[in-house]
Every structure is written in C-alpha cells, then in structure tokens.
Amino acid sequence: MADRYDVVIVGGGVMGCAVAYFLANDPGFGGTVAVVERDPTYQRASSALSASSIRQQFSTPANIALSQFGLSFIRNATEHLSVDGDPVDLGLREPGYLYLATGAGADILRRNNAIQLSCGADVALLSPEDLIARFPWLSVEGIALGSLGLSGEGWFDGYSLMQAFRRKAKALGVTMIAGEVAGIDTAEGKVTAVRLADGRRLSCGVAVNAAGPQARRVATMAGVDLPVAARKRCVFVFDCREELPGCPLVIDPSGVWFRPEGKQFICGAPPPADRDPDTDDLTVEHDLFEEMMWPALAERVPAFEAIKVTNAWAGFYEYNEIDQNAVIGPHPELRNLLFCNGFSGHGLQQAPGAGRGLAELIATGAYRSLNLSAFAYDRLVENRPLLETNVI
C-alpha cells in the first residue's frame, strides 16, 4: 500500500505535532502533511513525562529567542490552538527560575546574566542577603550569587500542549497515522519514502525526523549519523510539612532542582555520568533520591530534612551528545531530510518556535520569523559546537 504526502513527519509528540500545525496553518503552504506516531497512547512519550517548565535563563541567544517565542505562544494558546471555540488551558504559572552559584560559578552566572539582559529577558542577580530577604526558607550556605527570573519563567501542562497541537493539526487537515517506521528510502540524494512495519509506503517530498528518543534510530535508517541519545531522567514527588512562600524552580549548584507541584514538590537531577547511558529503560532509580537528591535538598532548604516521597516517574531527555543543543533543519546531503531533535531537556518550551521555524523553512525555503541556523546539522560535521552552559 502506497500513499503520497508532501511532508511526512516521523514522530507525533510535541515536536512533530508543532511542525504539522504550523505547516497546516500557513496559508502559503497548501500541501499535504502526515504525522506517523508509533504509540498514540503516549504512555512513554517525552511530552507526557516531562516536568514541563519554561525559562529564558540560557547562555545562548538562540535558545533565549526560542523560549521567548514559546512563552508568548503558551500565554496565548487559546488564540492559536482552539478548536470549535474551546479554550486551551495549559495551566501556565510564572514564579520564575532561581539559579544558585557558589563562588566558583558566580562569574558564569554573571556572564549569562549579561547575555540574557541583552536579549530582553527579565532576570536579576541576587546577593545572599537578597536571597534570604526574598526567600527566608532558603539556606545560602556556600552560595555566592543567585539569578532569578522575575517574569516569563515557570511551568505549564506540557502534555496538554502536545494534545492541543495534535488536535488543532488534525482539524486543519493533517493526517495522523499510527505505525512503526521500519525504513527510509533514498535516491539521488533525497528521501523518497518512509516505510512502515505494516507494509505501507509513504512517498514524500520532505521527511522530518521528530522521533524524540528514537531520533538516532530513525536517522540511521536514512544512512545518517545523529548523535542524539535517549537519556533517562527520574522525577520524584514529595511532601513537605512547611510551606515555602513564593517558591520558584530552584537549581542548586549540585545540579539538583526542585519546584512546587500543587501542595507538593517535585525534584530531579542529572545522574552521575557512569549511570547515564543511552537507554530504552524507564525504571525509576529510587536510590538516586536517597543518595544524591535528598542530601542536597535538605542542605538547601532546612524544611526538606523531613520529607516523604509520594510518587516518582521517569522520562527521556533527547540528549545531544555533542553540545546539548537542538538539531534543527536539513541534512547537508539529504536536503529534504529535516531534523527537529536533541533538545536535551528544553524541548517542550521550544516546540512552538522550532515548529514554526521548520514550517517556514519547508513552506518558503528560508527562516522568516526566527533565524534557527545556529542549530543546523552542519555544525556537528564541521566541529562547531553550540555550547549551552545552562543545562539542567
């Protein structure tokens, strides 16, 4: 069985659905779009298992611009994604991000702050005294400086964003296909078709790899190397007897982060390097909380000395092993193979900007609104990493 589409998108998570939406919503495009998703239940999807936060505190202007567009889009989600007049409530809250630095990291925080301010981010540097005045529940032992997002940072319902993109794309005529991609056909320097495990062959003019943790496997089908690994990240939910008024998302110098979630809190941290393989396993590693996270939490917030874990889950980071930044745009040889991969933990907040950028590139041949050329695949081949120091 063969079908023909102008654009076939491999992966129906937030990235794939965002690209599909912006294409279908572009009055100058007019082509056919199909999105292939192997698990329409989304039980293991990164979009469903993310902590779904948004920030402007990056160290690269390109990342800041992507997230600023994402913030504007999320704030106005109903205007963009409503179907039949239904409101789209993404539960956006903006208490901010608070990065804490020791003396060794203070200069990095200052350099990042200068970049963020130059890009219009609403952030402020806080001394230990400022931190105590604003957050009296916080211990500043060993802390030399903090950086707080005063507005435009917080968290939202990432799963609802993905579903809203999907629903709107379908309403605009995008074809959603449940299937496992088994192969990619190429000829004369172009992708010609995407083949599914059930025998269907989807001929296409453009193929988009938005396969999340499966991105490397999909790229390999086209004979392309993509250094994006599926890295497991565990998130723990815990109770605390005391309230923490005005608590933002806090990133401790240890790498441990925490934030409120209703009346509870959630936390996480990158695991040690020797426990961070490319994996398909989503088993929660509870010893990470006991041995690494809880001691750091109790040191930073005295009230966290007496807490109780009530739940936990694990999800994937699509981790770019070269520079922890997204890969967006065409392959230099297979020019009709486009990437939307490797966001390394900040994909949900950047999905609107990445989706719009790729849609513009497909529809017009160039980026129009946001210049995403800094994320091009070419940098990987040419050894020009786009290093991001603010990776959580």
Side-chain angles (χ1 to χ4, degrees), residues 4-26 28-37 62 66 69 165 169 174-175 177 181 183-195 202-228 318 320 322 325-344 347 350-382 386:
R4 168 75 192 181
Y5 297 93
D6 293 296
V7 180
V8 172
I9 301 169
V10 181
V14 70
M15 291 298 170
C17 289
V19 176
Y21 158 73
F22 280 103
L23 273 173
N25 198 48
D26 187 334
F29 175 61
T32 54
V33 181
V35 175
V36 182
E37 171 54 45
L66 265 180
F69 177 78
F165 269 130
V174 171
T175 300
I177 298 173
V181 174
I184 294 177
D185 295 339
T186 63
E188 299 179 352
K190 290 185 177 181
V191 173
T192 57
V194 174
R195 289 182 284 109
L202 311 178
S203 299
C204 59
V206 173
V208 178
N209 183 348
Q214 298 297 315
R216 175 178 266 159
R217 183 180 68 87
V218 170
T220 301
M221 293 178 188
V224 171
D225 179 42
L226 183 66
V228 173
E318 290 77 54
N320 181 343
I322 303 300
N325 264 315
V327 182
I328 304 173
H331 187 269
E333 296 176 3
L334 290 174
R335 299 297 296 179
N336 69 335
L337 173 62
L338 274 59
F339 301 100
C340 194
N341 309 113
F343 288 80
S344 304
Q350 296 187 339
R356 181 178 68 166
L358 272 186
E360 290 175 345
L361 191 63
I362 294 168
T364 71
Y367 295 123
R368 303 292 181 180
S369 305
L370 281 176
N371 184 356
L372 303 183
S373 58
F375 300 104
Y377 181 98
D378 304 58
R379 80 183 192 271
L380 307 180
V381 178
E382 298 167 4
L386 178 67

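As a basis for the values below, the full set of heavy atoms in this structure was taken, side chains included, without hydrogen atoms, waters or symmetry mates. Note that the coordinates shown come from a computational prediction; the quantities given were computed from them, not determined experimentally.
Nearest heavy-atom pair, F343 versus A354, reported as atom, atom and distance to 0.1 Å: CZ-CB, 3.8 Å. Counting all heavy atoms, side chain and backbone alike, L358 lies closest to C340 at CD1-CB, 3.5 Å. Nearest approach of Q350 to L66, heavy atoms of both residues: OE1-CD1, 3.6 Å. S203 and V8 make their closest contact through O-CG2, 4.2 Å (heavy atoms, listed as atom of the first residue, atom of the second, distance). In this structure, A210 and N341 approach most closely via the heavy-atom pair CA-ND2, 3.9 Å. Residues T32 and F29 share a closest heavy-atom pair of N-CE2, 4.3 Å.
L361 places none of its side-chain heavy atoms less than 4.5 Å from the side chain of L372. With a 4.5 Å cut-off on side-chain heavy atoms, R195 and D185 count as touching. Side-chain contact between N209 and V327 is absent, with no heavy atoms from C-beta onward closer than 4.5 Å. Residues R356 and F22 are in side-chain contact: their nearest non-hydrogen atoms beyond the backbone lie under 4.5 Å apart. Considering only heavy atoms from C-beta on, Y5 stays 4.5 Å or farther from V35 through its side chain.
Residue pairs satisfying the salt bridge (charged side-chain N to carboxylate O under 4.0 Å, His left out) criterion with at least one member in residues 217-227, sequence neighbours excluded, are listed as follows: E180-R217. Identified under the salt bridge (charged side-chain N to carboxylate O under 4.0 Å, His left out) test for residues 357-368, with sequence neighbours left out: none.
In this structure, CD1 on I9 lies 8.0 Å from SG on C17, to the nearest 0.5 angstrom. Considering CZ of R4 and SG of C204, their distance stands at 6.5 Å, rounded to 0.5 Å. L337 CG to K190 NZ: the interatomic distance, rounded to the nearest 0.5 Å, is 13.0 Å. Of the inter-residue distances, the one linking T186 atom OG1 with I184 atom CD1 reads 9.0 Å to the nearest 0.5 angstrom. Rounding to the nearest 0.5 Å gives a distance of 4.5 Å between CG of L23 and CD1 of I362.
Partners of N25 under the side chain to side chain donor-acceptor pair (under 3.5 Å) rule, at least two apart in sequence or in another chain, are Y21. Scored by the ring-ring contact (aromatic ring centres under 6.0 Å, His included) test, F375 finds no partners at all (sequence neighbours excluded). Applying the side chain to side chain donor-acceptor pair (under 3.5 Å) criterion to S373, with sequence neighbours excluded, gives N371. Residues meeting the ring-ring contact (aromatic ring centres under 6.0 Å, His included) test with F339, sequence neighbours left out: Y377.
N325 contributes a side-chain N or O that, together with a main-chain N or O of L386, makes up a donor-acceptor pair within less than 3.5 Å.
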From CA spacing to verdict: side-chain contact (heavy atoms from CB on, under 4.5 Å), V19, F165: CA-CA 9 Å; V19 176; F165 269 130; over 6 Å; no
